[in-house]
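One structure is given below, encoded as structure tokens.
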Protein chains: 2
Amino acid sequence: MTDTEQAPRGRATAEMVAARAQVSRVAVSRAFNPHTSLKPEKRELILKIAQELNYTPDRAARALVSGRSHLVGVIVPDVCSHWESQEIDALTTALQAEGFATLLFKTRTDYSMDEQLLAYMRGFNPDSVIAFVENVKPHTLARFLDRAVPIYIHYPQAELADDAGDEPLHDRLNVLQRDGVEQAVALLQGFGAKRIAYLSGAEKSRANGARERMLRQVMAERGLAPPVVARGDFSYDAAYQATIDLFRVGEGADAIFAANDVGAFGVIDALRHELKLRVPEDVKVIGFDDIAQSHWKSYNLTTVKFDLDERVRALVRLILRRLNNPDAPGFQETLNTRLVVRGTVG
Amino acid sequence: MTDTEQAPRGRATAEMVAARAQVSRVAVSRAFNPHTSLKPEKRELILKIAQELNYTPDRAARALVSGRSHLVGVIVPDVCSHWESQEIDALTTALQAEGFATLLFKTRTDYSMDEQLLAYMRGFNPDSVIAFVENVKPHTLARFLDRAVPIYIHYPQAELADDAGDEPLHDRLNVLQRDGVEQAVALLQGFGAKRIAYLSGAEKSRANGARERMLRQVMAERGLAPPVVARGDFSYDAAYQATIDLFRVGEGADAIFAANDVGAFGVIDALRHELKLRVPEDVKVIGFDDIAQSHWKSYNLTTVKFDLDERVRALVRLILRRLNNPDAPGFQETLNTRLVVRGTVG
DNA sequence: TCACAGAATGAACACGTTTTCATTTCTCGT
DNA sequence: ACGAGAAATGAAAACGTGTTCATTCTGTGA
């Protein structure tokens with residue numbers, strides 16, 4: 001009954017809880033770890049006292065000994081970008097429910113990988129890493145992860161063959177873009193579009209490359225001439241300017257397929273407010289992603305949906321499965337895409 | 001010369017670096033901490049070998065002993081919300097440059113505080129916390145921080161007096177909304193607006209409350225009748241519906257002041273596409289924030305600018321100053337607002 | 001040459017956990 | 001009542017670093 005420590009300076013420790021509950025410090029640790037053997041009444045008492053003392057196990061100490069930081073590193077070029085921000089949001093919610101926290105890092109906005117940043121991030125010991133910077137290979141990423149296994153975003157169709165083979169262990173999220181792109185091209189063709197342009201995203205982005213190749217392939221299969229390409233970088237402003245150039249300097253188009261929805265917004269605004277063309281009467285526009293803003297009335301965009309919740313669920317599954325089976329061979333998840341028809345085509 | 005350890009399983013440790021460099025482990029620690037005495041040549045050698053071995057001090061261990069996690073907790077109700085995502089982006093960049101990382105947490109979207117989440121976050125030992133959930137008081141926040149000092153977003157003018165007095169130590173970011181709101185009302189009045197409506201944000205948000213009170217006060221001073229209030233929650237959809245109700249059920253308005261830019265977008269789209277009214281000819285619209293999307297041609301919004309970079313710089317200053325002076329009295333930073341005139345007024 | 005201050009150095013400790021491992025206590029069938 | 005297996009328990013050893021403190025080295029002025 002030596003309750004001398006009335007004012008616990010700073011933070012309560014397991015020792016203090018143990019002292020008050022008349023148990024050993026180990027028991028306190030066990031009380032907070034589900035799959036350990038501890039008499040239920042004892043566990044209850046400890047948890048009650050812990051709550052009184054506002055005690056939570058120190059995650060730094062826990063990480064040090066267990067080798068698990070419960071942190072998931074997320075590398076993004078641009079948090080504001082709608083697609084990314086929506087994914088970060090859903091990912092954070094999902095990870096939080098599983099006891100993890102999102103550790104955010106920003107890299108260069110041209111979608112190229114920054115080794116210095118990877119080294120910096122590595123210092124925080126993330127259990128897993130999700131890189132939006134999709135031009136990085138598992139090989140590079142793995143070099144900067146100690147025990148974590150990289151997750152690789154893979155576009156199986158229309159992909160260059162240079163990344164098969166001797167890649168180190170990694171998990172894959174396969175994205176099937178064919179269905180969505182085929183439906184989009186079919187729709188445009190149905191409305192009699194002859195000259196389809198592709199408004200690209202950032203040049204170094206894998207997603208952009210895969211999308212452009214898939215579009216070319218589908219158009220060729222359907223007997224259409226290859227698309228005119230206008231260079232953007234996923235941003236509104238670049239898309240706006242590229243669209244103007246396409247019509248003022250270039251040959252124009254009667255349909256534009258944008259690499260992402262935000263780019264499509266730039267296209268639409270350039271057509272309507274700068275070039276005084278009507279959408280969809282004069283020019284049809286299709287985007288890619290189906291972000292939340294795409295149903296806003298000013299745009300009301302027809303777009304290839306890449307379901308965000310589905311994608312986040314798949315990512316979380318990959319992360320958890322890997323953490324539970326550190327030495328298992330590579331896991332895979334596969335996502336499909338489909339067209340969402342709104343007002344910018346017909 | 002006992003170089004037996006050729007393949008360093010997992011992660012390199014200070015011990016290994018020390019062994020290779022023929023120095024003590026303490027020297028390695030010192031090599032990575034700037035203000036310690038160590039012969040320059042020795043430090044150089046250690047850093048070189050560290051790089052070879054891909055070594056970085058383990059932050060968990062470092063945090064355990066130094067009490068500094070170098071993590072900044074950020075609590076957000078909605079990452080996708082443009083204003084928040086832009087702040088997170090800028091904040092992450094700025095913190096990264098100072099050696100910190102952003103730890104993201106999501107709370108309920110109604111802008112109310114969630115004690116469970118605070119306890120959860122506390123486990124990660126953040127050195128500082130920035131809560132976008134502005135209805136939480138320093139008192140509540142402080143209870144969940146061990147050594148960190150909360151940063152309080154304060155609206156000095158038109159603020160209820162209930163938070164003065166015995167608050168625990170905290171730092172303040174004062175936001176002066178008067179200038180921006182006055183300029184906005186003056187502009188509307190100049191264009192002959194008679195019935196000004198306020199489209200609110202989330203009810204529990206301090207920012208929303210302060211904005212509405214400020215608007216009431218300024219309008220009263222200028223001899224205008226109090227604004228009609230349409231209830232939104234900062235989202236596009238709620239603003240869209242509230243605007244329709246305002247005109248279909250309510251008495252309408254000839255100018256609408258929205259609590260944030262995204263809300264203003266909803267207002268504009270409802271007016272144009274649902275109510276078939278012209279902006280700005282029939283109804284004038286003003287927003288609040290000046291987010292990146294506000295200059296998009298479809299909206300081209302006149303808005304009260306709350307400079308994001310300025311705000312982030314101020315927050316980072318507060319964080320760093322506090323970390324360097326843990327026991328100093330409360331620090332303060334002050335921000336102003338101003339009107340940015342675009343196309344939605346006249 | 002001597003004394004002395006300051007820089008450089010390393011041994012030992014501390015940080016708060018989880019994890020082994022050996023020991024003790026409980027439970028149940030005979 | 002007895003033994004065996006399972007469950008519960010606590011002592012001690014990690015985990016990888018920063019920090020203190022006493023010691024050794026270095027250079028300077030008298």
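Note that these values count all heavy atoms, side chains included, but never hydrogens, waters or copies made by symmetry. Here is the naming used below: chain letters follow the sequence lines, and residue numbers restart at 1 for every chain. This one's a predicted model, so the numbers in the text were calculated from it and none came from an experiment.
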Show each protein N/O and nucleotides 14-18 of chain D N/O combination with a separation under 3.5 Å, one pair to a line.
unit_1: D/dT17; atom_1: OP1; unit_2: B/Tyr55; atom_2: OH; d: 2.8
unit_1: D/dT17; atom_1: OP1; unit_2: B/Asp58; atom_2: N; d: 3.2
unit_1: D/dT17; atom_1: OP2; unit_2: B/Thr13; atom_2: OG1; d: 3.0
unit_1: D/dT17; atom_1: OP2; unit_2: B/Ala14; atom_2: N; d: 2.7
unit_1: D/dG18; atom_1: OP1; unit_2: B/Asn33; atom_2: OD1; d: 3.3
unit_1: D/dG18; atom_1: OP1; unit_2: B/Arg62; atom_2: NE; d: 2.7
unit_1: D/dG18; atom_1: OP1; unit_2: B/Arg62; atom_2: NH2; d: 3.0
unit_1: D/dG18; atom_1: OP2; unit_2: B/Ser29; atom_2: OG; d: 2.5
unit_1: D/dG18; atom_1: O6; unit_2: B/Arg25; atom_2: NH2; d: 2.8

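- Among residues two or more places apart in sequence or in another chain, the salt bridge (Lys or Arg N to Asp or Glu O under 4.0 Å) test is passed with B/Arg322 by B/Asp171.
- Each end of the helix from C/dT1-D/dA30 to C/dT30-D/dA1 yields a helix axis from five base pairs, and these two axes differ in direction by 30° (to the nearest 10 degrees).
- Here A/Gln51 pairs with nothing under the side chain to side chain contact (heavy atoms under 4.5 Å, CB included) rule; sequence neighbours left out.
- Side-chain contact between A/Leu91 and A/Val74 is present, with at least one heavy-atom pair separated by less than 4.5 Å.
- Residues satisfying the ring-ring contact (aromatic ring centres under 6.0 Å, His included) criterion with B/Phe124, sequence neighbours excluded, are B/Phe105, B/Tyr120.
- Shown here are the side chain to side chain contact (heavy atoms under 4.5 Å, CB included) partners of B/Leu173, two or more places apart in sequence or in another chain: B/Ile153, B/Arg311, B/Ala314, B/Leu315, B/Leu318, B/Glu333, B/Leu335.
- Residues in residues 118-130 of chain A take part in these salt bridge (charged side-chain N to carboxylate O under 4.0 Å, His left out) pairs, two or more places apart or across chains: A/Arg122-A/Asp146, A/Asp127-A/Arg147.
- Two residues are said to be in side-chain contact when any heavy atoms from C-beta on lie closer than 4.5 Å; A/Val23 and A/Ile46 meet this criterion.
- Here side-chain hydrogen bond (donor to acceptor under 3.5 Å, both in side chains) pairs that include residues 33-46 of chain B, with residues two or more places apart or in two chains, are B/Thr36-B/Arg43.
- When all heavy atoms of A/Ser85 and B/Ser85 are compared, the closest pair comes out as CB-CB, 4.1 Å.
- For residues 45-80 of chain B, the ring pair (Phe, Tyr, Trp, His ring centres under 6.0 Å) pairs, not counting sequence neighbours, are B/Phe32-B/Tyr55, B/His70-B/Phe100.
- Across residues 38-48 of chain A, A/Leu38, A/Lys39, A/Lys42 each have a non-hydrogen atom less than 4.0 Å from an atom of DNA chain D (numbered order).
- Relative to the ring axis of A/Phe331, A/Arg321 places its NZ or CZ within 45° and under 6.0 Å from the centre.
- In terms of the side chain to side chain contact (heavy atoms under 4.5 Å, CB included) criterion, residue partners of A/Ala119 (sequence neighbours excluded) are, by chain and number, A/Phe144.
- Counting 5' to 3', DNA chain C first comes under 4.0 angstrom of a heavy atom of chain A and last does so at the ends given by C/dG16 to C/dT19.
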